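Note that the structure is predicted; figures quoted are calculated from it, not measured. Quick note on labels: first sequence line is chain A, next is B, and so on, each numbered from 1.
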2 protein chains.
Amino acid sequence: MAAQPQRGVSASTPVSQAADADAVTATAAGAAPAHGGSIAGVAQRAGVSVATVSRVLNGHANVRPATRERVLAEVEASGYRVNELARNLRTAESRLLLTMVPDFGNPFYAEIVRGIDALARQHGYFMLLCDTGADEGRERSYFDLLRRHRADGAICLDPATVQHALAAESTALPWVACCEFDPAVGVPYVGIDNYRAAGDAVRHLIARGRRRIALINSDEHYLYAQQRRDGYLDALRDAGLDARDAWRVDVHCLDYDAGAKAAAALVRDGEAPDAIFAVSDTLAVGVINGLRGVGRRVPDDVAVVGFDDLALSAQIDPPLTTIAQPMRELGETAARLLLQRLADPRASVPGVLLPHRLVVRGSG
Amino acid sequence: MAAQPQRGVSASTPVSQAADADAVTATAAGAAPAHGGSIAGVAQRAGVSVATVSRVLNGHANVRPATRERVLAEVEASGYRVNELARNLRTAESRLLLTMVPDFGNPFYAEIVRGIDALARQHGYFMLLCDTGADEGRERSYFDLLRRHRADGAICLDPATVQHALAAESTALPWVACCEFDPAVGVPYVGIDNYRAAGDAVRHLIARGRRRIALINSDEHYLYAQQRRDGYLDALRDAGLDARDAWRVDVHCLDYDAGAKAAAALVRDGEAPDAIFAVSDTLAVGVINGLRGVGRRVPDDVAVVGFDDLALSAQIDPPLTTIAQPMRELGETAARLLLQRLADPRASVPGVLLPHRLVVRGSG
DNA sequence: TTGAAAGCGCTAACAA
DNA sequence: TTGTTAGCGCTTTCAA
């Protein structure tokens, strides 16, 4: 598949509803010598070779202090900046880490991404953030950035089904899985024990006297969804409770409205649940809203437990009982694993499980 | 007073830091010939010159169909991928757009970023997302990526104070301002009419019979904060209403807790406001929570109006009355302006104002 | 300690 | 239509 670069942007932008205030004409610049100039200019003006300038720029030890000063002074004076395009070609690395998330509008992913970003920057990398929409095609095309030397490594938060596809094509590329992972894929990963976490949520509801517990789950392209479902099912079974199919619904999108709709549907039926466990706080927020919309009180009529512990979840009414994930650490760990892998491609990089915890608030 | 404190945080999971499950050892690879190989190999195997391969790869017209097929077949067979590091050096462009946001944890920015990303990708660019924390130092160091040829252009959502600093150092660099802008800086921008929007919010409250209207504002490093304050003040004055200093508070962070704390403080005093206008929905969500915490009912005791119209805002109880910003379009337009600027550096690029609108829901 | 020079892999001007 | 070749700006041997 050849690259089809769409160079040039012809769009003259008629922007209809735009009341264009004032127009900014190109500033000074003109066809100026771009910015900076090259290392050669600096070398010449400093009276040294390009090699010496390079050595100074890269902090190599074997440069006479006087020479170093001279070079640094010239760099300062000319405002020279290294051209990292050239450096990257020469050193064969992009210093970019690719992060692929199914939906960065979800605050859960936003927080993880911050963790990745912080750690990456700390190690001299920048993060290229790509929203895949959990779509295998987009995922694949982003992943291809590794092969095109646009990124040095990747962190994938997409569904296991998608990860399997990646793994089939490219076992050897440096990537790691975060939050969503299948140990069988054979790449380093970090996540939590979803099975146990879901069990904890359900056992909590049972301990509070709930008996008709529903599950609003993500779609089962996600392994975590399967694991949480199993955790839910086994916890019910262990308690000798009914697990009706009608009390299990999969949604294909974790946004608020999906939760609201699913909840309203759940309680519409004859034998309505007295508790709902939703596998994401965004869903749970919607659930609470949906229940309110059909006149059910939380937690009196229906208890609600979410998953993630977003900042938001403590703010709503009633505040959400939920399973907290260490989002920041998940991101940081993923980045660390990837960096390890990049530093030593033949090193053995572990799979890591981080602890979750139940946070009890007012909703259930 | 912050939200309902976490009543019981039962640490159900002892799991020490990292229970490393299984270890992933480096896969096949070894010291393999990296991925791909170069254009020269493809050329040789296809029996053509590198120039021809390059032409095929870039979709140039003047290649005989038969030749093209042969090259394409070889590319396919060998799994060759272009090295964009090399291409970028040669063409002197990185095909990366830098987006600098004060806080991408804020859903407002997340939605704008999606707009930028969508449009950028549509034009063959990727987006480098940088969280500056509204810090001038970080901003400056990110901005330097332009000079180091790491990014072709930048979109800045940071405070005007920070933008002024940038502008002083680099009028000629290709960047645009989004949401937060000062026409005087002389770079293309897109945003809304903050003065009028704030006025609309306040006039709505007045029309609903509110007389003691408080303002919870962002800190005044942001020009938009000054504009919204002026809109608020003038709307009050035009209605002949009191504008007490005690009813105006600036917060330095737009998160939920900041709103909750500010609201609780506002109603603690003797002459409490009967309405609160918060310049961000995240703040407003916190405000509603804070008021609930001190036993005030919304909207009966205190009406609340927010700003932005996040997806979340329709979900909470009561649902938030707010000023909607066209977030997606703001992002897309910013990207479009930047792309225009890159396509033709001497073109006159306009400042663009997009429409806002008042969304009336239950909170005020 | 410093410099000369070879390339990294690609694109594009120029020739054929 | 195709090939030859000169760089893009840098890092890094290898020699001095």
Salt bridge between D152(B) and R341(B), side-chain N to carboxylate O under 4.0 Å?
no
Do R147(B) and D144(B) sit within salt-bridge range, that is, some charged N less than 4.0 Å from a carboxylate O?
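A salt bridge is present here (some side-chain N lies under 4.0 Å from a carboxylate O).
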Suppose we screen for side chain to side chain contact (heavy atoms under 4.5 Å, CB included). Which residues come up paired with D182(A), at least two apart in sequence or across chains?
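If we apply the side chain to side chain contact (heavy atoms under 4.5 Å, CB included) test to D182(A), skipping adjacent residues, the hits are H164(A), A184(A), V185(A), L223(A).
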To the nearest angstrom, how far is [X] atom [atom1] from [N] atom [atom2]?
X	N	atom1	atom2	result
H60(B)	dT2(D)	NE2	P	14 Å
N62(B)	dA13(C)	CG	P	12 Å
R147(A)	dG9(C)	CZ	C1'	19 Å
R148(A)	dC10(C)	CZ	P	13 Å

Please tabulate the protein-to-nucleotide N/O contacts below 3.5 Å involving nucleotides 9-11 of chain D, giving atom names and distances.
unit_1, atom_1, unit_2, atom_2, d
dC10(D), OP1, Y80(A), OH, 2.1
dC10(D), OP1, N83(A), N, 3.1
dC10(D), OP2, I39(A), N, 2.4
dT11(D), OP1, N58(A), OD1, 3.4
dT11(D), OP1, N58(A), ND2, 3.2
dT11(D), OP1, R87(A), NE, 2.6
dT11(D), OP1, R87(A), NH2, 3.1
dT11(D), OP2, S54(A), OG, 2.8
dT11(D), O2, R90(A), NH1, 2.3

Has T52(A) got a side-chain N or O lying under 4.0 Å from the OP1 or OP2 atom of dG3(C)?
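Looking at the OP1 and OP2 atoms of dG3(C), one of them is under 4.0 Å from a side-chain N or O of T52(A).
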On the nucleotide dT4(D), are OP1 or OP2 found under 4.0 Å from the side-chain N or O atoms that S49(B) carries?
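For dT4(D), neither OP1 nor OP2 has a side-chain N or O of S49(B) closer than 4.0 Å.
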Rounding to 10°, can you tell me the angle the first-five-pair axis of the helix from dT1(C)-dA16(D) to dA16(C)-dT1(D) makes with its last-five-pair axis?
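Answer rounded to 10°: the end axes differ by 40°.
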Between C156(A), P183(A), P350(A), which is the residue that forms a side-chain contact (heavy atoms from CB on, under 4.5 Å) with Y189(A)?
P183(A)
Name all residues meeting the ring pair (Phe, Tyr, Trp, His ring centres under 6.0 Å) criterion together with Y109(A); count only those two or more places apart in sequence or in a different chain, and write none if there are none.
none
Mind checking ring pair (Phe, Tyr, Trp, His ring centres under 6.0 Å) for F143(A) and listing every partner two or more places apart, or none if nothing turns up?
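F143(A) satisfies ring pair (Phe, Tyr, Trp, His ring centres under 6.0 Å) with W175(A) only.
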List the residues meeting salt bridge (Lys or Arg N to Asp or Glu O under 4.0 Å) with E93(A), not counting sequence neighbours, and say none if there are none.
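For E93(A), the residues satisfying salt bridge (Lys or Arg N to Asp or Glu O under 4.0 Å) (neighbours in sequence not counted) are R95(A).
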Got a donor-acceptor contact below 3.5 angstrom from the D131(B) side chain to the F104(B) backbone?
yes
